[in-house]
Amino acid sequence: MEIKGSSDLLYRISDLIMRLVYLNLLWTVFTLLGFIVFGFFPATTAMFAVLKKWVAGDTEFLVFPVFWKTYKSEFQKVNGLGFVLLLFSIIFYVDFKIISSNELFSQSFISGSLIVLLFIFSVFCLYFFPVYVHFNLPFFQYFRVTFFMSFISPLRTLIMLAVTVGLLYLLMINPGYIPFFGVSAISFAMMWISNKVFLRFQQREQEV
C-alpha cells in the first residue's frame with residue numbers, strides 16, 4: 001500500500017510539473033506575441049484562468065482553448081487595468097529613487113511611509129490576477145476588491161509573500177529552471193493561497 005501511495009504521489013507531482021512547464025511555455029509565447037508590453041497582462045490573466053481550474057480540482061480539460069479564449073476576451077480590459085498598475089509602479093519607483101538619494105533617507109518619516117505603501121502595493125499586486133479571474137466586476141471595482149482581499153486574511157497573505165520570496169530565491173540560485181516553470185510555479189502558489197482566502201470570504205458572506 002505504501003509503495004502504491006508513493007507511486008501515486010510521484011505521478012501527481014510529475015504530472016503537475018509537466019502541466020506547469022506547458023503553461024509556462026504558453027505564457028512566454030503569448031507574452032512575446034503581444035510584444036511583452038501588450039502581452040504580459042493578458043497572458044498572465046490567461047495563465048491564472050487555467051490555474052484557477054486546476055486549484056479547484058478540474059484538470060480534465062484542454063489547456064490551450066481556455067488559455068487562448070481568456071487571452072482574447074480579456075486583452076483590452078486587463079491591459080487597461082495593467083497599465084494603471086504599471087503607472088503606479090513607475091511613480092513608486094521614481095519616488096523611492098528620489099527619496100533614497102537623500103542622506104536623511106533612513107531617518108525620514110516620508111521614507112518610512114513610502115516603504116509601507118510599497119509593501120501594501122506589493123501585496124495588492126500579488127492578489128490582482130487571482131482576483132481578476134475569480135470575480136467578474138466593473139473596471140474600477142477590481143482595485144477595491146483586490147485591496148480588500150489583500151488584508152482579509154493577514155496570515156495567508158504573509159504566507160503568500162513568504163512562499164513567493166522563497167520561490168524567487170530558489171529560482172535565482174537555480175536560474176536554469178526559470179524558462180521551464182519559473183512564472184507558472186510562483187503563480188500556482190499564489191492562486192492556491194488566494195483561493196483559500198476567497199473561500200473563507202465566501203463562507204463569511206454566507207454566514208451573514
Side-chain angles (χ1 to χ4, degrees), residues 5-32 34 36-37 39-59 63-64 66-67 70-71 82 85-86 88-89 92-93 96 100 115-134 146 149-200:
S6 299
S7 299
D8 184 56
L9 178 61
L10 287 173
Y11 171 78
R12 284 185 290 171
I13 292 174
S14 60
D15 178 61
L16 176 60
I17 291 174
M18 292 304 298
R19 286 188 280 121
L20 289 175
V21 170
Y22 177 51
L23 189 57
N24 204 85
L25 175 63
L26 287 177
W27 178 86
T28 302
V29 170
F30 281 87
T31 297
L32 293 175
I36 300 177
V37 175
F40 173 80
F41 291 105
T44 306
T45 300
M47 177 177 61
F48 272 92
V50 173
L51 291 172
K52 177 190 173 185
K53 287 178 170 289
W54 289 354
V55 167
D58 181 8
T59 58
V63 170
F64 182 78
V66 174
F67 190 99
T70 305
Y71 186 90
L85 286 180
L86 187 60
F88 276 105
S89 299
F92 276 127
Y93 176 77
F96 186 81
S100 62
I115 290 173
V116 172
L117 288 174
L118 282 170
F119 173 79
I120 294 173
F121 183 70
S122 299
V123 172
F124 181 94
C125 289
L126 290 179
Y127 275 94
F128 175 75
F129 288 107
V131 166
Y132 188 90
V133 299
H134 193 84
T146 299
M149 290 296 171
S150 299
F151 299 98
I152 192 175
S153 181
L155 178 60
R156 287 191 173 95
T157 295
L158 290 175
I159 292 173
M160 186 191 296
L161 279 170
V163 170
T164 302
V165 172
L167 289 173
L168 284 172
Y169 175 75
L170 290 175
L171 290 170
M172 286 176 63
I173 62 178
N174 299 283
Y177 292 116
I178 295 176
F180 298 102
F181 49 80
V183 178
S184 59
I186 294 174
S187 299
F188 178 81
M190 291 166 56
M191 190 69 238
W192 189 83
I193 297 171
S194 296
N195 189 62
K196 299 294 184 182
V197 175
F198 300 154
L199 290 175
R200 182 182 179 187

* In terms of heavy-atom contacts, does OH of Tyr93 have more than 12 from other residues, nucleotides or ligands at under 6.0 Å? -> no

* Asked: Can you find a pair of side-chain heavy atoms, one from Val123 and one from Phe119, that are under 4.5 Å apart?
  -> yes

* Please work out whether the ring planes of Phe88 and Phe92 are parallel, tilted or perpendicular, with thresholds of 30° and 60°. => tilted

* Indicate the ring-plane relationship of Phe40 and Phe129, choosing parallel, tilted or perpendicular according to the 30° and 60° boundaries. => perpendicular

* Backbone of Val133 reached by a side-chain donor or acceptor of Lys52 within 3.5 Å -> yes

* **Beyond-backbone contact of Tyr127 with Val197, side-chain heavy atoms, under 4.5 angstrom** => yes

For residues 168-179, tabulate all N or O donor-acceptor pairs below 3.5 Å that involve a side-chain atom, not counting sequence neighbours.
residue: Asn174; atom: ND2; partner: Leu170; partner atom: O; Å: 3.0

* So how far is it from Phe128 CZ to Phe48 CZ, rounded to the nearest 0.5 Å? -> 10.5 Å

* Structure fact -> Scanning both residues in full, the closest heavy-atom pair of Met160 with Ser194 reads CE-OG, 3.1 Å

* Structure fact -> Shortest non-hydrogen pair, Val163 vs Ala189, comes out as CG1-CB, 3.8 Å

* **Student check: side-chain heavy atoms of Arg156 and Arg200 closer than 4.5 Å** => yes

* **Plane angle bin for Phe124 and Phe121 - parallel if under 30°, tilted between 30 and 60°, otherwise perpendicular** => parallel

* When you measure from the side chain of Tyr132 to the backbone N and O of Thr45, does any donor-acceptor pair fall under 3.5 Å? -> no

* Asked: In this structure, are over 12 heavy atoms from other groups packed under 6.0 Å from Tyr22 atom OH?
  -> yes

* Asked: What are the two closest non-hydrogen atoms of Trp27 and Thr31, and how far apart are they?
  -> O-OG1, 2.7 Å

* **More than 12 heavy atoms of other groups within 6.0 Å of Trp54 CH2** => yes

* Is the shortest heavy-atom distance from the side chain of Ile193 to the side chain of Lys196 under 4.5 Å? -> no

* Side chain of Asp58, backbone of Lys53: donor and acceptor closer than 3.5 Å? -> no

